[in-house]
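Reading through the structure tokens given below for one structure.
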Amino acid sequence: MRVIDLPASLDFQTVDALFSEVVEAGGAKVLFDARHLRWVGPNGMVGLLSAGSVARDRSGEAPILELGAADNVKGYLGRMGFFQAAKGIFLAGTSFPRQPSGPSEVLLEITPITQNSDVHDVVERIQGAAGAILSNTLGYPQTSVVQFSVILSEVCQNVLEHAGAPGWVAAQSYNWSKRLGRHVVIISVADLGRGFRGSLSDEHSSRFADRWGDVTALEAAFIHGLTRFPDSGRGQGIQQIRKQVRRWDGLISVRSGTARIADVPEWFDAPPLEEGLSDFPGTQINILLPERVDHAD
Amino acid sequence: MRIEPGVEPVSIDVGLVLRRSVESLYSHLVTRPTGRAVRLAIEEQVAGSAQTALSLIDLSDVTVMDFSCADEIVAKLLMRFLDEDRPVDALFVFRGVCQSLQEPIQTVLERQELLAVAQDSDGFCELMGTRTEEEEYVWTVLEGRGRILAAEVSEVFPGSHHRDALETLVLRRVAFVPRGDRIYHALSVLVDGA
């Protein structure tokens, strides 16, 4: 059995190490040791679900997830719906909660995206919670819940339209007082589909010849709006998401295959392009929306 | 109220079409499959007109519309009836276009270089999409006057570039000239008569 240690903090960047270990594990049965996990964001959660699914599929056996004794981590995972989503993926270690957590003020629990109605359900569900968080916590205009809903809809649709496999979405707000000095909202979507390169290869690989790969595929979609569909009305989703996230001075990153591309605001330290990452299936999209700096509490 | 001869008003409540088309309680226009279903239902309704259909697409009940739905319900809908093999001649006015719908509608129109007339909740009409300065000016003048007789065009628009723009607006279906008639109508006037 391969033991994979989870880091103390699991977010859209530290999840790379997790993916790398899963890839290296090959077909071995895996135990995910999360006893030292102290913080996990939405991207960490959907990333962990992705990692568990890949480990399960490659080994033919459900991996074990061993959580620590930290009740706050287990409680938080429970409130985010992680254990419900993890059914069929992980074997519980010794420390899964026996009872599901009660209702909580989570912006959007982990939600599977497998069909069109799931996207509608997500948009319907976040209306009330998102409005309050966006205006009261982030200081965005009251109307921003509409743009937020559109972002969620478009990013979830990418799973259905391009991945060819189901995925998950989750969102939550955090007080990053130490890290950033303000609140943020994080939206994360992950799928285990064919990735950007797989989605675009048939239509676009020939024009790039030897340069075709994960980086060129990401750049083609993220920067140039290319899509596998010949319909000229397509390919706008990512562009419009980027535009709105930029307006809010946020960050958006897309990891697919061996590369990650991002629009990075000044207040965050990350490269706009990373390559040479472990070749992990599917796509992971992460959006960080910061509190407005001129927002008065 | 006077209905222009040769024009048949077709009122379409998109919220109602949404609920009927996808047989659900959805209240937001999101996802491309939903947009496609709504568009096809609208097309079927419009295609049933015996005359030029003045299609009043009512978006009053819609607060959230994503870009995929806007592409289907606005851009593709317009393109279908600009196509040479369109089922009927049709004009479109998008009603109840609140602030939150402006950006997705404008974006998809610009993407396809289309023009559309939108009416807000106060009844105020505006031109949305891709247009030249001349087209914008001519449309605004026509909108203000309501109608311009053919005999008046040279006087109202002394410059040939404006007269050309007027004809372009007719071709782009944001101004109307009935067959056999030489009166240029603003679509808002037709809407008021509907």
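Between A/H120 and B/V30, the shortest heavy-atom contact is NE2-O, 3.1 Å. Across all non-hydrogen atoms, the minimal contact from B/T31 to A/S153 is N-OG, 3.9 Å. In terms of heavy atoms, A/E154 sits closest to B/S68 at OE2-N, 3.0 Å.
Counting non-hydrogen atoms of other residues, nucleotides and ligands closer than 6.0 Å to CD of B/Q102 gives a total above 12. Crowding of B/E113 atom CD: a count of heavy atoms from other residues, nucleotides or ligands under 6.0 Å not exceeding 12. The local environment of CG in A/D202 is sparse, with at most 12 non-hydrogen atoms from other residues, nucleotides or ligands closer than 6.0 Å.
Side-chain atoms of A/Q236 and B/T107, non-hydrogen and from C-beta on, do get closer than 4.5 Å to each other. You'll find the side chain of B/V64 reaches within 4.5 Å of the side chain of A/Q127, heavy atoms only.
Between A/S232 atom OG and B/R111 atom CZ the span is 7.0 Å, to the nearest 0.5 Å. The CD1 atom of A/I238 sits 12.5 Å away from atom CZ of B/F67, with the distance rounded to the nearest 0.5 Å.
Only the side chain of A/Q244 comes within contact range of chain B, with at least one heavy atom under 4.5 Å from a heavy atom of that chain. Neither the backbone nor the side chain of A/T143 comes within contact range of chain B; no heavy atom of the residue lies under 4.5 Å from a heavy atom of that chain. Using a 4.5 Å cut-off between heavy atoms, B/M79 makes no contact with chain A at all. Contact of B/E103 with chain A is made through the side chain alone, with heavy-atom distances under 4.5 Å.
Of the possible donor and acceptor atoms, one in the side chain of A/Q157 sits under 3.5 Å from a partner among the backbone N and O of B/R32.
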